[in-house]
Each structure stands twice: as C-alpha cells, then as structure tokens.
Amino acid sequence: MRGGPPVTKSPKNPFYAMRRHGFVRVAACTPAVAVGDPGFNAAETLALAKEGHARGCDLMLFPELGLSAYAIDDLFLQDALLARVEAEIAGLVEASKTLSPVLIVGAPVAHCGALYNCAVVISRGKILGVTPKSFLPNYREFYENRWFAPGAGVTGLTMRLAGQDAPFGTDLVFAAGDLADFSFAAEICEDFWSPTPPSTQAALAGALILCNLSASNIVVGKADERELLCASQSMRCMAAYLYSAAGPGESTTDLAWDGQATIHELGKLMAKTDRFPVRAQMAVADIDVERLRLERMRTPTFNNAAVAAGRPERSFRRIAFEHKPVFEDIGLLRPLDRFPFVPDDPARLDQDCYEAFNIQVQGLTQRLRATKSKHLVIGISGGLDSTHALLVACKALDALGKPRADILGFTMPGFATSEGTKSNAWALMKALGVTGQEIDIKPAARQLLADLGHPFAKGEPVYDITFENVQAGLRTDYLFRLANQHSGFVLGTGDLSELALGWCTYGVGDQMSHYNVNGSLAKTLIQHLIRWTMKTGQCPGAAEVLNAILETEISPELVPADAKGAIQSTQAKVGPYELQDFSLFHITRYGLRPSKVAFLAWHAWRDAKLGAWPPNFPEETRNAYDLAAIKKWLGVFLFRFFEISQFKRSAMPNGPKVISGGALSPRGDWRAPSDGTAKVWLDELEANVP
C-alpha cells in the first residue's frame, strides 16, 4: 500500500492537498453494537465519527439498522424502541454540527403508517435525506417483510424525522456544492444482491460513490460473494463502492457476523477491515472521484446506458449540500503503484507477464500464417527490446512447428556499438538457435555521410542527429531489403515508452517494421517479461546472456563514448523511464492534468523506503525523486509527447494491443493531430506545481 501522511511536513501549498486533485476521503465503518440499545449504538457511531473527523474523512458509512441493531426481530415493532432511535438520530444530527464527515447511518424509520429499513444521511446539523431499502429479503434466514415496507417505488417524497423535514425516497443523489465530484448515493444490503441494484440507476444519475449499508450475516463462502459483487458493481458503474456489514455485538441467536467492510474503486480493492473483529474498526481510503468522472466521460457505453435507462438524472433528486472542505496536506491514503504497468503483487505480476507474452505470441503467429512468410527478419542489438521480441519470435515459431532457424537475426555494429552488446547479441542468437549474421554498417554509413557532406566524413567529431539517424536508418534499410531477399518480413522491436517519447527514427528507422510485437509494452514491463521467460523456462539455455542483457545500461549506442568513457545514455536525454512510464499511463489512460500526475508521482516516488516494489527488484536500483525532478521530467514528457512525436505514432505498423492504457496506435486507443502543441499541458504544469 502506498500513501499516508507525509514523512515530513510538506509546504503549505495547495498543490499538496489531496482534495485539490480530485480525491475524497471515505470510511466504511464497523462499530460495536448492543442488541436493541439505540443509546449505546449511537454513542459507538459517534465515537467513530469523531475519529473519522480527526482523520480527515469526508464520508463515513455505517451498517444497516446500526442504531437499533439488525437481528432484533419483532422488537422493530415496539414503539418505545422506534422513539428512542429517532431521539438518537436527533442527537447525531446535533453532534454533526462540529464534524466534517457526512454520516450515513442505518435505522428503522416510520412514515405514513409503515416502517422502512433506511439509510439516514446527516451532515453539519442537517438530515440531507433518507433512502429506504428497495428489496427486502424474505427467504432462508431473512424475514424482513414481517416488519418493513419495501422502498421500491418510493420516490419524490418528504418525511418528518428528528424534528426536520427531509427528502425521502430511492431517488436521491447527494452532491457537495463546494467539493468537485463529491457525489454519492445509498442502497441497503439485499439491494445489491438483486438483478437490478438501485445503485446502478443512481450511478447513471451521476453518483460517483455508491454506499451499501449492510448487516449481512456470515456463512462459509459468503465473504467471497460480497467482495465479488462490490468489485463488479464498482467496475460496471465506474464508481467507488463502499460496503459495511454488522460486526461485534449483534445477536447470535441464530446467526453470526463477520463485520466485513470494504472500499472498491473501478473494481480494485482500496481498503478493508479485519473480519470477525472484537472491537470497532473502519477502513479508510482516498477515492479519486475526478478519475471516475473522467472514466465515464471517455466511455460512451456508460452514457449510452443512461440514455437507454431513460436518463435517470431526470427522475433522481440531486440533494445539494455545503461540505466546507479543508484544503490542506493530509497525506494520501490509497494504493498507488510506482510502476502502473508492473504490479508489485507477485501473483498478479506473474499472471500479467503470462498474458502479455502470450498475446504477443498469438499476434505474431497469426501474422505469420496470414503472410505465409518463410522467414522472420529481426535486428538484434543486445538491448532489452530486441531481446524480448526475439523471445516472442522463438515461441511463435515453436507454436507453428517451424524451426527457429527460420528466424534471421542480424547484429549490425555501428560507430558506437560496444563489444559487450555485440557479444550479448551473438550469445543470445546462439542460445536460442536462430540463424545469426553480422553486417558492419560503418562503411555504408561513412559513404552516406560523405555523400551528404557531413563533417564526420572529414574527420571532425560531429555527432549530431544526422550522424545518429544515418546509422539507425541504414539498419532498418538493410532489414527491409533482407526481408525482400529471404521472403520474410521485418519484426519490429520498439516499445511503447519510446513511441510515447518519440525516441525512435521515423520512416526508414526503428519506428517502422512490417509488424511490431512490442508497440504496446512499456519499457518498465519488458525487463520483467524477460525475467518471467527465464523463470518459467520459455527459452532454456539462455539465462546467462539474458541476465547480462538485463544489467546493461539502456543506450542507443549511436554516439561514441566521451573522453571519460561515458556512453550515450537514453535516460539522461529523455528522462528516467520509470517516471516517464508513470506519466504515460496516467495521462493517456485517464486524461489527468499534469499537476495531478506530479502529485501522484510525488507520493509514489518521494521515498524509496515507502511502499512495495515489484518482486525481485534490485535494491541498488530503487530510486527516489523529489518534486523538482518529477516536474522537470514531466515537462520533458509533455513536450515530447504532445508536440514533437505524434507524427511518428500516426504511421505505426500493426501490432497487438497488450495492456490497458498501453496502446498509441491511431487505429486504437490514441488519436491526436500531428501538428499539435504542448502549451496547454506545460502551462498547467508550470502554474500548479511548485
């Protein structure tokens, strides 16, 4: 888990306030409860509410019928109990005047001669609204029809409760007027077990946070069902889903309770409590409501569903309230990956690598079948990208039952090729059993430079872009003509990170190929894929050279080493790939503002000792970056991505999409003008990041 209060107090600048970046702090609570004792239950609720206030919570969810207790059967129909519940609601309303969180508490509430199982929404001395439970379970151990009236169809009403008039119905969405995107709705337990959860309609009406007050007794296997439903509903509704179940103190006459409380966002578990607690507890997380809104905006299916449902925002009442948020640094409480393309969970990383590798193999296998090519032609540099593409090629030919000798690998040393990378290239081709050859491009490069009248041809040490691209272009030119000669096609090796930054030579260069299996893979993931192929025995006998390649400095090797022996470094020019991949993911996948990307990067990268790292990540390469470095390299990313590189992506070769947020093909995830400008993004970065 990432986040939490800063290690040291950050400057008093609005940049450091998580609410400025579209986050809302929520809590799913499991208080202690006493059977049929509203005074005790309200006191426990208030104690947690005060704790949530101290922790900076904006919204706190409590269990179903938490003020009375759930398992009290016919006691629900006792007037003395109901009167005491209403009195305790009034007490919570009064106490809420000095509390910042909105409270959603469960209570039995009478209206017009009927009793309803309700969610009561309280904020700063006011009852904002009351939402009744739509679907009442009346099977197996449940008998709610005995006591309660169903809320389905209850809309447009007002009720009198605890001395206040409050909106009453299942048609309520609550929205803060002074905190952007802080909108929520409530449903109760059985509602989300139904085929048509009320929260779906609430989401289509604009609610970004969906809250489920539940009691939900526990039986073997039920916890998995709950979590599946919570994750599914948050994903389907493009929302956060808060779930709170009854815990310690509920009657165990016939049932038991595990107090499960979870918070999900877009299908991902953000926080949870321990199950079977002996005391009160709560799960707390910061929800990115801005990201949820942006995700809905960029997904027409969600908006089409709203139209198909008759545009629920027309029938729902939007209850506005003044939240009075405080914009100060209170940390960031949410899981936050340093490497968005590389999970830090070993099982998840293993699954991602398995899927990514096999997507690449499947794509290449089909292209080989379709073209009926006799050979694959690939340039082998001894670097990460060409190494991984060659591993994919080997498995594709294995799958087709063709000999690996049909892969024609060419290492093409230029003016700055090191003996280490060239020897690694040869060792790799031999270990994998492909047909390896070497073409020295220096004579052809000298001739071309001479024809151009370039100073290098006259002995001057001029290593400009022409000098570099003469070499890069010749390599690709050779590969295409070799493919013609051998009835084959050129397999591209360039990766997603290079395409995003424009770190590739356009046309007759490494930007072009007949088919590119790496175009949807971030640089930060490729090294883990290579490790995965070693771990899973995809290419036995190649482990030694693969380890050597993994330890090699990333370099295009187009410019000779300087007087001190320092080689050309890609990351010194375009920035650390780990930071640039972070920016790439959040900007292209979610459309976040640069200042928000910087805020997230600062929390993810400011301290190497905080948070999890991917499995087997070398200790000596665990870097940290301060805000100044993050801002600098983000500026480089924005300029290169938005202003100078799109024309290269507009003419990309075919290749399979591998990762969500990892495709820049104009036929897929990303379309943009080639003559655009980065000004809007650079201005936003400069204006809002200190």
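If you read the sequence from its start, that first residue is 1, and numbering goes on from there.
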Only pairs under 3.5 Å count here: list side-chain donor-acceptor contacts from residues 629-640, not counting sequence neighbours, and write none if there are none.
residue : atom : partner : partner atom : Å
K631    : NZ   : V689    : O            : 2.8
R640    : NE   : L501    : O            : 2.6
R640    : NH2  : L501    : O            : 3.1

May I have the list of side-chain donor-acceptor pairs in residues 535-544 shorter than 3.5 Å, sequence neighbours left out?
residue : atom : partner : partner atom : Å
T536    : OG1  : W532    : O            : 2.7
T536    : OG1  : Q538    : NE2          : 3.1

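I659 contributes atom CD1, which lies 7.5 Å from atom CG of L496 (distance to the nearest 0.5 angstrom). From L529, atom CG reaches atom CE of M534 across 13.0 Å, with rounding to the nearest 0.5 Å. To the nearest 0.5 Å, the span separating CG on L332 from CG on L600 amounts to 7.0 Å. Rounding to the nearest 0.5 Å gives a distance of 9.5 Å between CG of D477 and CG of L448. Taking CZ from F582 and CG from L584, the interatomic distance works out to 11.5 Å, rounded to the nearest 0.5 Å.
For D451, the CG atom counts as densely surrounded, since its 6.0 Å shell holds more than 12 non-hydrogen atoms of other residues, nucleotides or ligands. Other residues, nucleotides and ligands contribute more than 12 heavy atoms inside 6.0 Å of the CZ atom of R293. Within a 6.0 Å radius of NZ in K573, other residues, nucleotides and ligands contribute 12 heavy atoms or fewer.
The aromatic rings of Y515 and F489 sit perpendicular to each other, their planes meeting at more than 60°, with 30° as the lower class boundary. Aromatic ring pairs are classed by plane angle as parallel below 30°, tilted from 30° to 60° and perpendicular above 60°; the pair F467 and F415 is parallel. Between F410 and H486, the ring planes lie tilted relative to each other; the angle falls in the 30° to 60° range.
Listed for the E295 side chain is no donor-acceptor partner under 3.5 Å among the backbone atoms of M238. No donor-acceptor pair under 3.5 Å is formed between the side chain of S583 and the backbone N or O of Q580. Between the R296 side chain and the N303 main chain, no donor and acceptor come within less than 3.5 Å of each other. Not one N or O on the side chain of K523 forms a donor-acceptor pair closer than 3.5 Å with the backbone of S497. Checked by atom type and distance alone, the side chain of S373 never pairs as donor or acceptor with a backbone atom of G488 at under 3.5 Å. Side-chain atoms of R475 never come within 3.5 Å of backbone atoms of I441 as a donor-acceptor pair (strictly under, hydrogens ignored). In this structure a side-chain-to-backbone donor-acceptor pair under 3.5 Å is present from T435 to A405. Side-chain atoms of R338 come within 3.5 Å of backbone atoms of A612 as a donor-acceptor pair (strictly under, hydrogens ignored). Remark: side-chain polar atoms of D607 are paired, donor with acceptor, to backbone N or O of K609 under 3.5 angstrom. Counting only distance, with no hydrogens or angles, the side chain of Q527 and the backbone of L384 share no donor-acceptor pair below 3.5 Å.
Nearest heavy atoms, A472 versus L558: N-CD2, 4.3 Å. When all heavy atoms of H514 and A483 are compared, the closest pair comes out as CE1-CB, 4.2 Å.
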Exercise. Determine, step by step, whether R589 and S660 satisfy the side chain to side chain donor-acceptor pair (under 3.5 Å) criterion, reporting the C-alpha distance in whole Å, the side-chain angles of both residues, the deciding distance to 0.1 Å, and the verdict.
Key: CA-CA 8 Å; R589 177 63 183 84; S660 178; 3.1 Å; yes

Quiz prompt | Trace of the salt bridge (Lys or Arg N to Asp or Glu O under 4.0 Å) decision for K657 with D669 | solution = CA-CA 9 Å; K657 178 179 178 179; D669 280 13; 2.9 Å; yes

Practice problem: Take Q646 and D675 through the side chain to side chain donor-acceptor pair (under 3.5 Å) test and state the conclusion after the steps. | Solution: CA-CA 8 Å; Q646 180 58 38; D675 50 3; over 6 Å; no

Quiz prompt | Steps toward ring pair (Phe, Tyr, Trp, His ring centres under 6.0 Å) verdict (F585, Y590) | solution = CA-CA 8 Å; F585 178 84; Y590 295 115; 5.7 Å; yes

Practice problem: With side chain to side chain donor-acceptor pair (under 3.5 Å) as the test, would you mind laying out the steps for E578 and W605 before giving the verdict? | Solution: CA-CA 10 Å; E578 53 198 14; W605 287 99; over 6 Å; no

Practice problem: Kindly indicate, with the supporting measurements, whether the criterion side chain to side chain donor-acceptor pair (under 3.5 Å) is fulfilled by S234 and E265. | Solution: CA-CA 6 Å; S234 72; E265 179 183 314; over 6 Å; no

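Look at D398 and R404 and you find a salt bridge, because one of the NZ, NE, NH1 or NH2 atoms lies within 4.0 Å of a carboxylate O, short of that distance.
Side chains of Q362 and N358: a donor-acceptor N/O pair is absent below 3.5 angstrom, by distance only.
Listed by first and then second residue, the side chain to side chain donor-acceptor pair (under 3.5 Å) pairs involving residues 455-465 are H454-D464 (not counting sequence neighbours).
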